[in-house]
**Student:** 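Quick one: the structure is below, questions incoming.
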Amino acid sequence: MAGLRLGPLLRYTDGSCATVWVETNRPCTAEVRCADGARGTTRTFQIAGHHYALVPVSGLTPGTATEYEVLLDGARVWPPPDSRFPPSVITTSPAAHEKTRIAFGSCRWAAPPAGGKDRVGPDALDTLSARIAADPEGERPDLLLLLGDQVYADEVSDATRHWIAGRRDLAEPPGDQVADYEEYTRLYYESWLDPEVRWLLSTVPSCMIFDDHDVIDDWNTSAAWLADMRATDWWRERLLSGLMSYWVYQQLGNLSPDELATDPLYAAVREIPDGTDVLRTFAARADADPASVRWSYRRDFGRVRLVMVDSRAARVLREDSRTMLDPGEAAWLREQILDERDSYDHLLIGTSLPWLLPHLVHDVETWNAAMCAGERGARWARRGEKIRRGADLEHWSAFPSSFDALADLIAEAGTGPGAPATVNVLSGDVHHAYVAEPSWPGRTPDARVAQLTCSPVHNSVPLSIRLGFRFGWSAPARALGRRIARHGRCAPPAVGWRKTGGPWFGNQLMTLTLRGRSARLRLEQARTERDGTTALRMVTDRELA
């Protein structure tokens with residue numbers, strides 16, 4: 001009998017249709033039935049011995065919430081009979097004039113707590129799930145935006161380490177890190193089987209994008225880094241498995257039914273009994289020529305536009321032409337942002353890596369890019385590469401031309417007739433939260449522009465790093481950064497900016513509430529109460545526009 005291994009995950013939704021992702025324990029027909037009569041059905045496809053389906057659901061009524069169930073070969077498998085959660089629902093997009101709530105964050109280390117004690121504190125997603133379940137008719141996000149590090153391929157739990165040791169010798173590279181597709185499936189199983197997260201993802205639509213730990217820490221830092229990784233005998237399998245699993249578990253659900261209907265890879269893996277080789281060939285092409293594959297995507301929610309940007313795999317790493325996005329990706333981003341600009345009131349640019357960082361960090365990364373490019377000679381270039389890897393200097397500011405290009409694009413999008421009310425860059429990665437607002441010399445965009453950074457959902461940051469980030473925003477740090485930048489003969493950035501909120505440390509989520517041309521930002525942290533329960537506590541609640 002067919003059973004549900006993972007899911008369901010409610011992924012895409014709009015006014016009349018949705019997609020629901022499942023992993024099953026055998027080939028079968030997956031079906032979603034809604035209480036209002038809407039339904040969808042599809043056959044599973046197979047990758048590396050695992051079975052998946054992305055069920056398209058049509059016939060939904062706009063602006064409604066309807067309960068649904070999942071059936072495999074006609075037998076109901078969701079909700080489970082002993083579920084302690086309310087029924088899962090599909091909520092279709094609200095009308096353009098109504099509120100749209102988007103919750104976002106990144107960096108969720110999903111290892112279950114040992115002995116009932118969670119060493120990194122309460123999980124913000126677990127806590128959000130508990131709050132929604134306790135009041136199903138209350139406020140909930142219309143979209144959950146996960147901005148990277150959904151799984152940690154290079155930092156596994158004790159339970160997963162023990163499981164890997166049963167498959168292979170941990171004394172051989174890559175040791176207790178993930179090595180292949182099967183081990184990636186274990187990470188997602190551990191992460192998404194968490195009861196609270198499983199129910200949350202079944203009832204709140206989600207969009208996702210990868211960051212480095214989905215593959216390996218500091219993925220694609222530099223050309224020299226990549227050459228060193230490719231010289232190992234384990235990297236190719238790790239990377240291909242990471243891209244394959246990302247496509248199956250995350251990227252497929254980011255796409256609309258219309259996009260899926262014209263996707264040749266999705267058609268190919270569904271047409272044959274086993275799509276492993278087809279998907280592996282695709283991943284190998286993405287590795288050999290990153291410009292041949294696009295992981296970025298766009299979603300419109302009424303008058304809210306979300307453009308999710310791949311700031312990992314699309315990089316150009318040659319030191320003489322180093323950019324965060326290859327030319328095709330940069331042109332695509334520009335097109336998506338400027339297309340029918342007067343059709344949206346709010347522009348959200350999702351990029352796992354912050355665009356605006358503490359000033360000292362920005363200046364050090366810009367200086368380091370100049371050193372590695374040979375601005376001070378070969379000796380400084382070698383030293384700069386060591387510093388780059390040791391200090392994780394690979395954000396937007398480590399790609400100065402891309403940093404400035406994004407600044408120019410944001411200013412263009414936010415200026416003139418038809419400009420949106422807000423342009424918000426949504427990011428994670430840096431294990432703290434803050435708000436920063438840019439200003440352009442000689443011009444003032446009509447839109448309110450902000451960098452909104454929220455991380456982690458469930459992780460920790462050492463005290464030394466906390467102190468470093470706090471110092472990085474200070475006036476002395478800014479002065480120090482300017483001196484460092486002068487040593488690198490670095491041109492001033494295209495924008496200035498100031499921190500207007502934070503830094504905040506903890507397991508946390510930000511929520512943007514957008515209605516008409518108004519925008520409001522809320523930051524909440526997961527905290528343990530005196531009675532041992534957890535709750536999301538307000539840290540800041542402010543109007544953006």
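Values below: all heavy atoms of this structure, side chains included; hydrogens, waters and symmetry mates excluded.
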**Student:** Are any of the side-chain heavy atoms of Asn459 and Tyr152 separated by less than 4.5 Å?
**Tutor:** yes
**Student:** Check whether any side-chain heavy atom of Trp396 lies under 4.5 Å from a side-chain heavy atom of Leu406, and answer yes or no.
**Tutor:** yes
**Student:** Return the minimal non-hydrogen interatomic distance between Leu193 and Arg5, and the atom names on each side.
**Tutor:** CD1-O, 3.8 Å
**Student:** I'd like to know if Arg84 pairs up with Glu196 as an ion pair, taking the criterion as any Lys NZ or Arg NE/NH1/NH2 lying under 4.0 Å from an Asp or Glu carboxylate oxygen.
**Tutor:** yes
**Student:** Can you find a side-chain donor-acceptor pair between Gln150 and Ser191 that sits under 3.5 Å?
**Tutor:** no
**Student:** Hydrogens and angles aside, do Arg140 and Thr203 bring a side-chain donor and acceptor to less than 3.5 Å of each other?
**Tutor:** yes
**Student:** Answer with yes or no whether the side chains of His50 and Asn25 bring together a donor and an acceptor at under 3.5 Å.
**Tutor:** no
**Student:** Output yes when Arg39 and Glu69 qualify as a salt bridge under the 4.0 Å nitrogen-oxygen rule, no when they do not.
**Tutor:** no
**Student:** Does the plane of the ring in Phe85 sit parallel, tilted or perpendicular to the ring in Trp199? Use 30° and 60° as the thresholds.
**Tutor:** parallel
**Student:** Inspect the contact between Arg315 and Asp326 and indicate whether a charged nitrogen and a carboxylate oxygen are less than 4.0 angstrom apart.
**Tutor:** no
**Student:** Closer than 4.0 angstrom, basic N to acidic O: yes or no for Asp228 and Arg389?
**Tutor:** yes
**Student:** Is there a donor-acceptor contact under 3.5 Å linking the side chains of Arg238 and Gln177?
**Tutor:** yes
**Student:** Any salt bridge between Asp287 and Arg285, counting N to O under 4.0 Å?
**Tutor:** no
**Student:** If we count only N and O atoms by modelled type, under 3.5 Å, do the side chains of Thr511 and Arg101 hold a donor and an acceptor together?
**Tutor:** no
**Student:** Would you say the side chain of Leu4 lies within less than 4.5 Å of the side chain of Trp78, judging by non-hydrogen atoms?
**Tutor:** yes
**Student:** For Asp211, is there an ion pair with Arg312 - N to carboxylate O distance below 4.0 angstrom?
**Tutor:** yes
**Student:** Verify whether one side chain among Thr92 and Thr13 offers a donor that lies under 3.5 Å from an acceptor in the other.
**Tutor:** no
**Student:** Does the side chain of Asn254 pick up a donor-acceptor pair with the side chain of Gln251 at under 3.5 Å?
**Tutor:** yes
**Student:** Determine, for Arg161 against Glu155, whether the closest basic-nitrogen to carboxylate-oxygen distance falls under 4.0 angstrom.
**Tutor:** no
**Student:** Compute the ring centroids of Trp247 and Tyr184, then answer whether they are less than 6.0 Å apart.
**Tutor:** no
**Student:** Would you tell me whether Asp274 and Thr276 have side-chain atoms, one donor and one acceptor, within less than 3.5 Å of each other?
**Tutor:** yes
**Student:** Answer yes or no: does atom CZ of Arg318 have more than 12 heavy-atom neighbours from other residues, nucleotides or ligands under 6.0 Å?
**Tutor:** no
**Student:** Do the side-chain N and O atoms of Glu524 and Gln508 include a donor-acceptor pair separated by under 3.5 angstrom?
**Tutor:** no
**Student:** Between Arg33 and Leu71, is there a side-chain heavy-atom distance shorter than 4.5 Å?
**Tutor:** yes
**Student:** Distance to the ring centre below 6.0 angstrom and angle to the axis at most 45 degrees; does that hold for Arg270 and Phe45?
**Tutor:** no
**Student:** In terms of side-chain heavy atoms, does His51 have a donor or acceptor partner in Glu23 at a distance below 3.5 Å?
**Tutor:** no
**Student:** Below 4.5 Å, heavy atoms only, C-beta onward: do Glu394 and Trp219 meet side chain to side chain?
**Tutor:** no
**Student:** Any side-chain heavy-atom pair from Val304 and Tyr344 closer than 4.5 angstrom?
**Tutor:** no
**Student:** Quiz question: by atom type and distance under 3.5 Å, do the side chains of Tyr52 and Gln46 form a donor-acceptor pair?
**Tutor:** no
**Student:** Salt bridge check: are Glu319 and Arg388 linked by an N-O gap of less than 4.0 Å?
**Tutor:** yes
**Student:** Grab the two heavy atoms, one from Asp217 and one from Trp225, that are nearest each other, plus how far apart they are.
**Tutor:** O-CZ2, 4.2 Å
**Student:** Could you tell me whether the side chains of Asp429 and His395 share a donor-acceptor contact shorter than 3.5 Å?
**Tutor:** yes
**Student:** Should the pair Trp21 and Tyr249 be assigned to parallel (<30°), tilted (30 to 60°) or perpendicular (>60°) ring geometry?
**Tutor:** tilted
**Student:** Quick one: closest heavy-atom pair of Tyr246 and Tyr188, and the distance?
**Tutor:** CA-OH, 4.2 Å
**Student:** Any side-chain heavy atom of Leu409 within less than 4.5 Å of one from Leu338?
**Tutor:** yes
**Student:** Without hydrogens or angle criteria, can the side chains of Glu237 and Tyr181 be said to hold a donor-acceptor pair below 3.5 Å?
**Tutor:** no
**Student:** When you check the gap from the basic side-chain N to the acidic O, do Asp180 and Arg167 get nearer than 4.0 Å?
**Tutor:** yes
**Student:** So which atom in Asn220 and which in Leu226 form the shortest heavy-atom distance, rounded to 0.1 Å?
**Tutor:** OD1-CD1, 3.9 Å
**Student:** Scan side-chain atoms only and decide if Ser311 and Thr351 contain a donor-acceptor pair under the 3.5 Å cut-off.
**Tutor:** yes
**Student:** Quick one, Asp310 and Glu329 - any side-chain contact, counting heavy atoms below 4.5 Å?
**Tutor:** yes
